[in-house]
Asks: 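Below is one structure. I have some questions about it.
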Number of protein chains: 2
Amino acid sequence: MARLVSERSDAIMALAEVFRTHGFEGTTLSVITAQTKMGKGSLYHFFPGGKEEMAEAVLEEIGGWFENRVFKPLREDRNADAAIAKMFEAVDSYFRSGHRVCLVGAFALGRECERFEDQVRGYFKTWVADLEACLVRAGHKHIEARDLSEEVVGGIQGALVLARSLDQPAVFSRSLSRLKQRLEVKR
Amino acid sequence: MARLVSERSDAIMALAEVFRTHGFEGTTLSVITAQTKMGKGSLYHFFPGGKEEMAEAVLEEIGGWFENRVFKPLREDRNADAAIAKMFEAVDSYFRSGHRVCLVGAFALGRECERFEDQVRGYFKTWVADLEACLVRAGHKHIEARDLSEEVVGGIQGALVLARSLDQPAVFSRSLSRLKQRLEVKR
DNA sequence: CGCCAATTGTACTGATCAGTACATTGTGTA
DNA sequence: TACACAATGTACTGATCAGTACAATTGGCG
């Protein structure tokens, strides 16, 4: 049944929003059923492993999205500048210009960082490495490229923290353009 | 009794470590009693308001530490450069060169941001504002100072996320020196 | 229609949660 | 020593937790 796949992936999108809002520990089964309108029956049918499997599926979904929209372009695009521009666009749209928070970043700060170590570490490791390689292709020196990629990936995460805490999404947008500019200027 | 105050403040230090490790939702009473060696009797004696009051006390303690060691110097030190140097030193020592995470930042990304809105927002708002004012005193233009202060405070938070997720404290140290240098160069 | 498997609602389970009550212990002071 | 009160351990409470079992329902296909 094709329907199964599509409904499960719908569920993952809804679950992602719940986890983003409540964190892993804060996401109780009753919160999930309330917010996704899915009963326990459906949830455990699609995710027999329970909450843990749900979170894993969500992280996988997020990883896949970034792989397609950010990491792969950074690795494969002929035009490095275009790939970087694409990255900033994708990031801005994914985080809704600062209205949305990064689940992987939130997991990184908590105990979830151990439970989902591979996925959390993989996400950031890939991002930094692919951006670094792209910057090298764009003409940066290696050490400079490493520093810049850490600065940008970290800068994005920090901007999300700041924008959320101050309730000023504009802080995120400003940071993003600053980081963008930084990659252009430094060369 | 003077002893009361001192024991309560000891408890706050221990609690801070627990909340940093497990997050707010993940910090159950049983985790607290296990990690702090304090029984429920003591905990509810010092914090009749329960977990919420404990977290508030911890946030207050953190806020006080940063007020004394970071914010006040930024506001009051005659020598702006010295105040900024002091800030970086304090930050590096507080976050144990990237081995420790920022509880306020973690709260900012989760639902705790609403529950402890005042303390979380106050922390970041004060930090950015005081750093900005200090940068103006150091000779920066106003808009430039605002951008730089957001960049630095956000950059620190992002560096913590990155360092933690990659399990590479060195990432934090590198970021810190980069940010430090940035405040010197730009002028 | 009628069958079968996918899907879902619901009523359970035992464990654990935050918080309370209260008796017991420790300690400074008179 | 004796008293008063701070500090603490322990045994409860009802609520909620994740997860299970299973019967009822659905929807596609012959």
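As the structure is a computational prediction, the values presented were derived from the model and not from experiment. Chain letters run A, B, ... following the sequence lines, proteins first, then strands; residues in each count from 1.
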Asks: Is the shortest distance from a Lys or Arg side-chain nitrogen in B/Arg121 or B/Glu114 to a carboxylate oxygen in the other one below 4.0 Å?
Replies: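 Not counted as a salt bridge, because no side-chain N and carboxylate O are separated by less than 4.0 Å.
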Asks: Taking atom P of C/dG9 as reference, at what distance in whole Å does atom NZ of A/Lys37 sit?
Replies: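 Those two atoms, NZ and P, are 12 Å apart.
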Asks: Please name all residues satisfying ring pair (Phe, Tyr, Trp, His ring centres under 6.0 Å) with B/Phe116, sequence neighbours left out, ordered by chain then number.
Replies: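 By the ring pair (Phe, Tyr, Trp, His ring centres under 6.0 Å) rule, B/Phe116 matches B/Phe24, B/Phe107.
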Asks: Send over the distance from A/Glu7 CD to C/dT7 C1', rounded to a whole Å.
Replies: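 Nearest whole value for this atom pair: 9 Å.
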Asks: For B/Arg146, what residues pass the side chain to side chain donor-acceptor pair (under 3.5 Å) criterion, not counting sequence neighbours?
Replies: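 For B/Arg146 there are no side chain to side chain donor-acceptor pair (under 3.5 Å) partners, ignoring immediate neighbours.
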Asks: Using a cut-off of under 3.5 Å, enumerate the N/O to N/O pairs linking the protein to nucleotides 23-25 of chain D.
Replies:
none

Asks: According to salt bridge (Lys or Arg N to Asp or Glu O under 4.0 Å), who are the partners of B/Asp92, at least two apart in sequence or on a separate chain?
Replies: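 By the salt bridge (Lys or Arg N to Asp or Glu O under 4.0 Å) rule, B/Asp92 matches no residue at all.
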Asks: Please report, rounded to the nearest Å, how far the C1' atom of C/dT8 is from the CD1 atom of A/Ile32.
Replies: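 A/Ile32 atom CD1 is separated from C/dT8 atom C1' by 16 Å.
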Asks: Compile the donor-acceptor pairs under 3.5 Å between side chains in residues 161-169 of chain B and protein atoms, sequence neighbours left out, one pair per line.
Replies:
unit_1: B/Arg164; atom_1: NH1; unit_2: A/Leu109; atom_2: O; d: 3.2
unit_1: B/Arg164; atom_1: NH2; unit_2: A/Gly110; atom_2: O; d: 3.2
unit_1: B/Ser165; atom_1: OG; unit_2: B/Val161; atom_2: O; d: 3.2
unit_1: B/Ser165; atom_1: OG; unit_2: B/Leu162; atom_2: O; d: 3.0

Asks: Can you name the salt bridge (Lys or Arg N to Asp or Glu O under 4.0 Å) partners of A/Arg96, sequence neighbours left out?
Replies: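 Counting only residues at least two positions away or on another chain, A/Arg96 forms no salt bridge (Lys or Arg N to Asp or Glu O under 4.0 Å).
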Asks: Can you list everything that forms a side chain to side chain donor-acceptor pair (under 3.5 Å) with B/Glu56? Sequence neighbours excluded, please.
Replies: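 For B/Glu56 there are no side chain to side chain donor-acceptor pair (under 3.5 Å) partners, ignoring immediate neighbours.
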Asks: One character per nucleotide, please: for nucleotides 18-25 of chain C, 5' to 3', B when the base has a protein heavy atom closer than 4.0 Å, S when only the sugar-phosphate does, - otherwise.
Replies: BBB-----
Asks: Take the protein atom NE2 of B/His45 and the nucleotide atom P of D/dT10, then report the distance between them rounded to whole Å.
Replies: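 Checked: the NE2 to P distance equals 18 Å.
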Asks: Tell me: CE of B/Met38 to P of D/dT10, nearest whole Å?
Replies: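 So the two atoms are 15 Å apart, to the nearest Å.
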Asks: Going by ring pair (Phe, Tyr, Trp, His ring centres under 6.0 Å), name the residues that satisfy it together with A/Tyr94, two or more places apart in sequence or in a different chain.
Replies: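 With neighbours one apart ignored, the set is A/Trp65, A/Phe66.
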